[in-house]
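Every heavy atom of this structure was used, including side-chain atoms; hydrogens, water molecules and symmetry mates were not. Here is the naming used below: chain letters follow the sequence lines, and residue numbers restart at 1 for every chain.
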There are 2 protein chains.
Amino acid sequence: MTTLSSKAGTKGVPRADREQQILAAATEEFGRHGYEATTVAAIAARVGVTKPLLHQYFGSKEGLYLACLDPIGDRLLDAIRTAMAGHDAAAPPTPLRVLDALFTALDGQRRAWFVLYDPTLPPGSDAAQRAAHYRDAIDGLAATGTAELLHTAGTTDPLDADALKHAWRGLCTALVRWWIDHPDQSPEAMTRRCTRLIEAAHTIFAPGDDTT
Amino acid sequence: MTTLSSKAGTKGVPRADREQQILAAATEEFGRHGYEATTVAAIAARVGVTKPLLHQYFGSKEGLYLACLDPIGDRLLDAIRTAMAGHDAAAPPTPLRVLDALFTALDGQRRAWFVLYDPTLPPGSDAAQRAAHYRDAIDGLAATGTAELLHTAGTTDPLDADALKHAWRGLCTALVRWWIDHPDQSPEAMTRRCTRLIEAAHTIFAPGDDTT
DNA sequence: AAGGTAATTTACCACTGGGTAAGTTCAATT
DNA sequence: AATTGAACTTACCCAGTGGTAAATTACCTT
C-alpha cells in the first residue's frame, strides 16, 4: 500500500504566503458573487487547494470573510479620512478628492468595495455587524461632508442630508462597478473622468446660467 | 381513521388570487434578500401556504422569479419611456421627470426595483438574461438621455457617456434604497427632495457662480 | 537514519433547500 | 348521494455546502 499516489502533503508554501493567497482569492469571490452565493470550495479551487485547509487557517466561512473585511475596511477608511482632512485652498473639491482616494485605494482589488457593501451577509451575524461598523464609519465621514455642503447651499432638513449621503454612496458604488467593467482604466483616468462628468452635470442642471 | 386533522384541502382561494398573493410575497422576498438568498419556503410561509403549491403554480424558483420580473420590468420601462417622451418646455428637467416616474411606479412595491437589479441571479440563467434584457432597455433610454446631455455640455467621449449612464443608475438605486428605509415618504415628497438635492449639488459644484 | 512538525489531502457527517409523488379536503356538478 | 376536479398538504428524494477527523506527505532537525 502506501503510495496510493495521494496528493496530500505540503506543497512547500509557507502558511503566511498561503493565507495571503487565500485572502486575495476570497476577496475576489466575495466581491464578485456576494457572501451568500460564494462557496468555500470555489475559493479553495481558485487557490488550487482544498476546503479543509481554509477551515484550518480561518476557522469558518465567516472567519474567512472577516479576515478579508478588516484590511479592506481599514484601508478605505484611512484613504477617505486623509482625503477629507488635507484640503489646500487650491485643491479640487472634497468629493473629487474622496473619489481619487477611493480609486487609488481600490486599485488592484477593485471588487473589495463590494466585500464591504455586501447585501447578502446573514443579518445579525458577526460579519454583518463588522461590515456595518466600517460602513457607518465611512458614512460618518460622508455625513460631515454632505452636511457641510448642504449647509452652504442653504438646506437644513436633516433627512435631506441623510438622503444625500446615501446618494453619494450609491454614486461611488456605481462608479466602482463601472471601473470593474473597464479594467484598463487607471485610477488617475477614473478621477479625470469623474471630474469631467461632474463638470458636465453641473452645466446640465444650470439653466439659470444666463440670468439677465 | 379519517380525520387525522390534516390541514390539506382547498382553502377556498381561487388560483388567480393565490397567484397574485404569491407574486407579491415573492417580489418582496426577492427584492429584500436577492434571488440567491431567498428560499421558496420563506415565500410560501409569507403567504401562509406550503412549498409544493408554488412549484405547482410557477414550475420552479426561477419560474416564480420570472413571473415577478415581467410585470415589474414592463411597468418601469413604460414609466420611464413616457417620462422621457413628453417634455413641455416648462416642465422640470428630464432627470427629475424620470425620478418622479420611478417613484410613482414603485410606490407600494418599492423593493421591486431590486428584483430587476439583482446581482445574485445565477449567471447565464434564463432569469439573468431576462433581467438583463429589461435593464438594457432601460439603459438604452438612459443612454440617449445622458448622451444628449453630455453633448450639450461639450463632452464627446463615449466612455464618459457610458460611465454617466451607470452613475445615474447607481443614483436611482441609492435613492430607492433610501426611500425603502423611510416608508412614510410619499413619492411626491421624494421627488421634491430630489429637486432640492440636485439644486444643492449644483450650488456646491459651482464655485464660479459669482464671476464678477 | 529517526523523529517531529507543518502543510495538505481524502473521506466523511449533517443540514439545508429545490423539487416531486401521492394523498387529502372542499365545493360544485350530476 | 355520488362524481369530478381544483386547491392544498404530508412525506419524501437528492444535490450541494459548511464543517470535521484522520490520514498522508514533505521538510527540518537531531
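Rounded to whole Å, atom C1' of D/dC8 lies 15 Å from atom CG of B/D17. Spacing between atom CG of A/L53 and atom C1' of D/dG19 amounts to 14 Å, rounded to whole angstrom units. As rounded to whole Å, 14 Å separates atom C1' of C/dT8 from atom CD of A/E19. Atom CD of B/Q56 is separated from atom P of D/dA7 by 8 Å (rounded to the nearest Å). Atom CG of B/L54 and atom P of D/dA7 are 14 Å apart (whole Å). As a whole-Å value, the separation of A/R15 CZ from D/dA26 C1' is 17 Å.
Residue pairs satisfying the side-chain hydrogen bond (donor to acceptor under 3.5 Å, both in side chains) criterion with at least one member in residues 58-69 of chain B, sequence neighbours excluded, are absent. Sorted by first then second residue, the ring pair (Phe, Tyr, Trp, His ring centres under 6.0 Å) pairs that include residues 118-151 of chain B, not counting sequence neighbours, number zero. Under the side-chain hydrogen bond (donor to acceptor under 3.5 Å, both in side chains) criterion, the residue pairs touching residues 26-45 of chain A are A/E28-A/R32, A/E28-A/R111, A/E29-A/R46, with sequence neighbours excluded.
Dashed line: the shortest gap from a side-chain N or O of B/R18 to OP1 or OP2 of D/dC8 is under 4.0 Å. Of the side-chain N and O atoms in A/T50, one or more sit less than 4.0 angstrom from OP1 or OP2 of C/dT9.
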Going by atom type alone, with no hydrogens or angles, which donor-acceptor pairs under 3.5 Å involve a side-chain atom of residues 191-198 of chain A and a protein atom two or more places apart or on another chain?
residue : atom : partner : partner atom : Å
A/T191  : OG1  : A/D100  : OD1          : 2.7
A/T191  : OG1  : A/P187  : O            : 3.2
A/R193  : NH1  : B/D157  : OD2          : 3.4
A/R193  : NH1  : B/D160  : OD1          : 2.5
A/R193  : NH2  : A/Q185  : OE1          : 2.8
A/T195  : OG1  : A/T191  : O            : 2.8
A/R196  : NE   : B/D160  : OD2          : 2.6
A/R196  : NH2  : B/D160  : OD1          : 2.9
A/R196  : NH2  : B/D160  : OD2          : 3.4

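Note on A/Y57: only backbone sugar-phosphate atoms sit closer than 4.0 angstrom, heavy atoms only; bases stay farther off.
Closest approach of A/T120 to A/G34, counting heavy atoms only: OG1-C, 3.6 Å.
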Contact state string [nucleotides 15-20 of chain C, B base, S sugar-phosphate only, - no protein heavy atom under 4.0 Å]: --SBBB

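With sequence neighbours excluded, no residue satisfies side-chain contact (heavy atoms from CB on, under 4.5 Å) with A/A147.
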